[in-house]
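Structure first, commentary second.
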There are 2 protein chains.
Amino acid sequence: MDNRGGFDLRRVLLFRGLNGCDLTALLAKARQEAAVRGSTFFNECDDALHCRLLVAGRIKLVQTSTDGNQVVTRFVAPGEMFGWAQVLGASVYPGSAEAMVDSVALTWDAASMRSALAAHPVLALNALELLGARLREAQDRLREVATERVERRVARALLRLARQSARPTGEGVEIGFPVTRQDLAETTGATLHTVSRILAAWEHSGILAGSRQRIVLLHPGRLETLAEDGG
Amino acid sequence: MDNRGGFDLRRVLLFRGLNGCDLTALLAKARQEAAVRGSTFFNECDDALHCRLLVAGRIKLVQTSTDGNQVVTRFVAPGEMFGWAQVLGASVYPGSAEAMVDSVALTWDAASMRSALAAHPVLALNALELLGARLREAQDRLREVATERVERRVARALLRLARQSARPTGEGVEIGFPVTRQDLAETTGATLHTVSRILAAWEHSGILAGSRQRIVLLHPGRLETLAEDGG
DNA sequence: TCCCGTCTTTGCGCCAACGCAAATAACAGA
DNA sequence: TCTGTTATTTGCGTTGGCGCAAAGACGGGA
């Protein structure tokens with residue numbers, strides 16, 4: 001079985017239930033692609049010809065509006081698929097995929113992934129479930145940004161990031177990849193100034209510790225309270 | 001071929017490419033379900049046991065947050081599927097489905113729809129495309145509510161509604177089903193007061209005409225300008 | 001080691017939009 | 001026709017968070 005970059009491809013949710021032979025055949029059709037920190041796998045409005053699976057690193061999907069404002073659509077962790085626009089009925093990518101750290105992805109032609117989905121129903125059903133989860137998350141975030149205060153949204157964003165990528169440290173739980181205040185602002189629909197102020201306040205009250213592109217949650221429970229009860 | 005309620009089921013995007021026999025067999029497994037205006041097909045947090053296709057009428061999918069705020073996730077037109085949470089990997093519905101006018105849906109057991117998706121790859125690929133479109137719309141709205149002013153968001157919402165359900169009248173284009181100011185507020189992440197003020201202003205400048213649960217776009221072009229250029 | 005680019009913090013003024021309140025207006029059912 | 005319920009409009013005070021501005025920090029590369 002393939003095991004590139006120390007990552008067990010059998011654990012990928014998209015491949016769950018796919019038998020070993022079929023998986024090997026599918027992997028044989030993929031090629032590897034790397035992006036160093038700060039570069040992109042593809043840009044918004046590029047023709048969507050491929051689909052990808054992140055093997056190592058971390059990327060963010062960013063949409064830019066006509067007036068220059070940016071929104072982070074999603075942070076992608078290893079094992080997650082991204083850039084599937086073509087298979088999902090779009091001809092161009094709706095956002096850019098920027099590597100937050102040096103990253104590696106497996107890349108398929110959209111056409112061969114389409115035929116794989118058609119040939120292996122379990123793949124298609126997995127894809128539907130994963131896409132459903134993404135849709136639910138997008139709708140949750142929509143509800144949050146439409147009805148909740150910035151502070152609460154930032155709390156939720158931090159908890160989401162910690163859930164996706166928690167790195168335990170002596171003092172608490174660290175977000176496992178570099179996140180700027182700007183990134184947080186672009187996920188929550190706020191300005192980096194407001195985010196900075198909120199984090200500073202939380203640092204004062206001992207909820208977290210922050211430094212350059214680094215955030216350690218010292219008291220996730222209190223963040224949960226802020227996120228849920230609105231305390 | 002089946003043709004319930006004057007609606008051509010062969011035109012449903014989900015069924016595109018499915019052969020007649022298979023379609024008939026699939027339809028045979030569905031049962032009809034009706035909901036009068038104001039009632040719901042299902043409620044948020046109900047066990048998601050079925051999946052549905054709207055045949056006639058119009059429904060809105062509504063999420064309620066813990067503090068009572070509501071958000072309209074989507075307006076569903078005839079021919080569109082809704083309530084697929086189970087197939088999409090959720091055990092309960094993430095929102096309620098309320099009939100805005102008397103409505104009729106076809107309902108399948110989630111399990112039989114799952115096996116249909118597995119048996120007919122074209123169905124699964126169609127579902128992926130439709131779901132992809134919904135995801136893109138959710139992400140677009142997320143970007144809008146995170147970065148744009150209320151006025152522009154309302155303009156966009158009206159144009160979306162008109163695109164989904166335009167009824168031409170002598171004077172202009174009418175939204176084809178009853179929409180309250182509250183509904184508009186809940187799709188745009190604003191208050192009904194702000195929406196009312198904005199519509200009043202537009203009525204003054206001749207862009208649209210509004211009355212109780214009714215909106216006629218007299219000048220869609222000027223709305224487009226408001227939505228795009230921020231004029 | 002120094003320098004320069006990137007990231008972060010903090011202050012201050014302002015305004016878009018909310019929250020509250022109260023007066024219509026329109027429809028549905030008795 | 002009357003009455004109760006649901007929608008809509010409009011006023012007014014408040015404020016959360018933005019926009020602008022400027023001054024630190026941190027860290028990587030030469």
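In what follows, chains are A, B, ... by sequence order, proteins preceding strands, each numbered from 1.
Counting non-hydrogen atoms under 4.0 angstrom, B:T180 reaches the backbone sugars and phosphates but no base.
Regarding B:N69, its CG atom lies at a distance of 17 Å from the P atom of C:dA17, rounded to whole Å. A:L199 places its CG atom 7 Å from the P atom of C:dT9, with the value rounded to the nearest Å. Distance, A:R37 CZ to D:dG27 P: 12 Å, rounded to whole Å. Between the CZ atom of A:R153 and the P atom of D:dC18 there is a distance of 8 Å, given to the nearest Å. Look at CD on A:Q182: it is 13 Å from P on C:dT6, rounded to the nearest Å. Here C:dT8 presents its C1' atom at 15 Å from CZ of A:R214, a figure rounded to the nearest Å. Atom CD of A:E148 is separated from atom P of C:dC18 by 15 Å (rounded to the nearest Å).
If you find the closest nucleotide of DNA chain C to B:T191 and to A:R181, the one lying nearer the 5' end belongs to A:R181. Each of B:V179 and B:R197 has a nearest nucleotide on DNA chain D; the 5'-most of these lies closest to B:V179.
Residue side chain A:H193 does not reach the base of C:dT8 through any donor-acceptor N/O pair under 3.5 Å, judged by distance alone. For D:dT6, its base sits under 3.5 Å from the side chain of B:R212 at one donor and acceptor pair at least.
Atom CG of residue B:L208 and atom CD of residue B:E174 lie 12.0 Å apart, to the nearest 0.5 angstrom.
Between A:F15 and A:W108, the two ring planes are perpendicular [angle over 60°; tilted spans 30° to 60°]. By the 30° and 60° cut-offs, the orientation of the rings of B:F42 relative to B:Y93 is parallel.
Side-chain nitrogen and oxygen atoms of A:S196 include none within less than 4.0 Å of the OP1 or OP2 phosphate oxygen of C:dT8.
In the set C:dC27, C:dT9, D:dG17, C:dT9 carries the atom at the smallest distance from any side-chain atom of A:L192. The nucleotide whose nearest atom lies closest to any side-chain atom of A:R149 is, among C:dA17, C:dC7, D:dG17, D:dG17.
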